[in-house]
Amino acid sequence: QMLNKIGIEAFTMGKPIVVPIDNFMLLAALELQCSAPADRIIFLVDGDVRMEEPYLANVDRLKALGYRFAIQKIDSAASYAPILNKCDFIFFDFRRFDQKEYLQLHSDVSSQYERLTRVYTHIGSMELFTNIHNKLSGLYEGRFYRTPITRGEEAQVTPLQVNQINLLN
């Protein structure tokens, strides 16, 4: 509704926008509710997405119209294979796992789904970012991106977070 009232350009400055959706919304006619061009929208589903035929068929239908999909909050690649095959992005949340579990999930997804663009979210510090940036390729989002340290002043300025993809670019 916000995209339709304000317009996508107010949010994205020419970049794609991530729109979280749930199971109920996935069965709705999303293309009729969104006036933005399909190539500018990335629908984000989470680990609660149902792996049943009506849901997966609607993902296929929306992808045929040009929409892209991302998934987040998954525990294993094997459990989500039907939807991972249809997604364009996968969001890895650093708050959900310890480093060993995280690296295992990342390894599983990377080996089976090479075409997925990996987005690493909630990176807590510049040190963690430096550590993973040297090991893992993809897009990154974290608190240190949102709170730049100003030069010559003691204050920190927090810019408005437009959307995750815009911040990652």
(request) Check the side chains of D108 and Q112 for a donor-acceptor pair under 3.5 angstrom, ignoring hydrogens and angles. (result)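 No - no donor-acceptor pair under 3.5 Å links their side chains.
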
(request) Establish, from distance only, whether the side-chain atoms of S79 and S76 form a donor-acceptor pair under 3.5 Å. (result)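 Result is yes, a qualifying pair exists.
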
Atom pair [atom1] ([X]) and [atom2] ([Y]), whose distance is rounded to the nearest 0.5 Å:
X	Y	atom1	atom2	result
I83	I90	CD1	CD1	11.0 Å
Y67	D39	OH	CG	9.5 Å
D88	K63	CG	NZ	3.5 Å
I17	L44	CD1	CG	12.0 Å

(request) Give a yes or no on whether the backbone of P54 and the side-chain of N58 come within a donor-acceptor separation of less than 3.5 Å. (result)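 The answer is no, because no donor-acceptor pair under 3.5 Å joins these two groups.
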
(message) Taking G47's backbone N and O only, do any of them form a donor-acceptor pair with Y80's side chain (distance below 3.5 Å, no angle check)?
(response)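 Yes, the answer is positive, given that a donor and an acceptor are paired below the 3.5 Å cut-off.
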
Closest heavy-atom pair and its distance - [X], [Y]:
X	Y	answer
L105	I74	CD2-O, 3.6 Å
F91	A70	CE1-CB, 3.6 Å
R61	A28	NH2-O, 4.1 Å
A77	L84	O-CD1, 3.6 Å
I21	M25	CG2-CE, 3.6 Å
S110	R118	OG-NE, 3.0 Å

(request) Please check if atom CD in E114 has more than 12 non-hydrogen atoms from other residues, nucleotides or ligands closer than 6.0 Å. (result)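 Counting neighbours around CD of E114, 12 or fewer heavy atoms of other residues, nucleotides or ligands fall under 6.0 Å, so no.
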
Within the 4.5 Å heavy-atom criterion, are [X] and [Y] side-chain neighbours or not?
X	Y	value
R68	F43	no
F69	L62	yes
F92	V119	no

(request) Could you walk me through whether I71 and D46 pass side-chain contact (heavy atoms from CB on, under 4.5 Å), step by step? (result) CA-CA 5 Å; I71 190 165; D46 62 27; 6.0 Å; no

(message) Holding to salt bridge (charged side-chain N to carboxylate O under 4.0 Å, His left out), I want the full list of residues that pass it with K86, two or more places apart in sequence or in another chain.
(response)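 Partners of K86 under the salt bridge (charged side-chain N to carboxylate O under 4.0 Å, His left out) test: D60.
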
(request) Output yes when D48 and K73 qualify as a salt bridge under the 4.0 Å nitrogen-oxygen rule, no when they do not. (result)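 So D48 does not pair with K73 through a salt bridge.
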
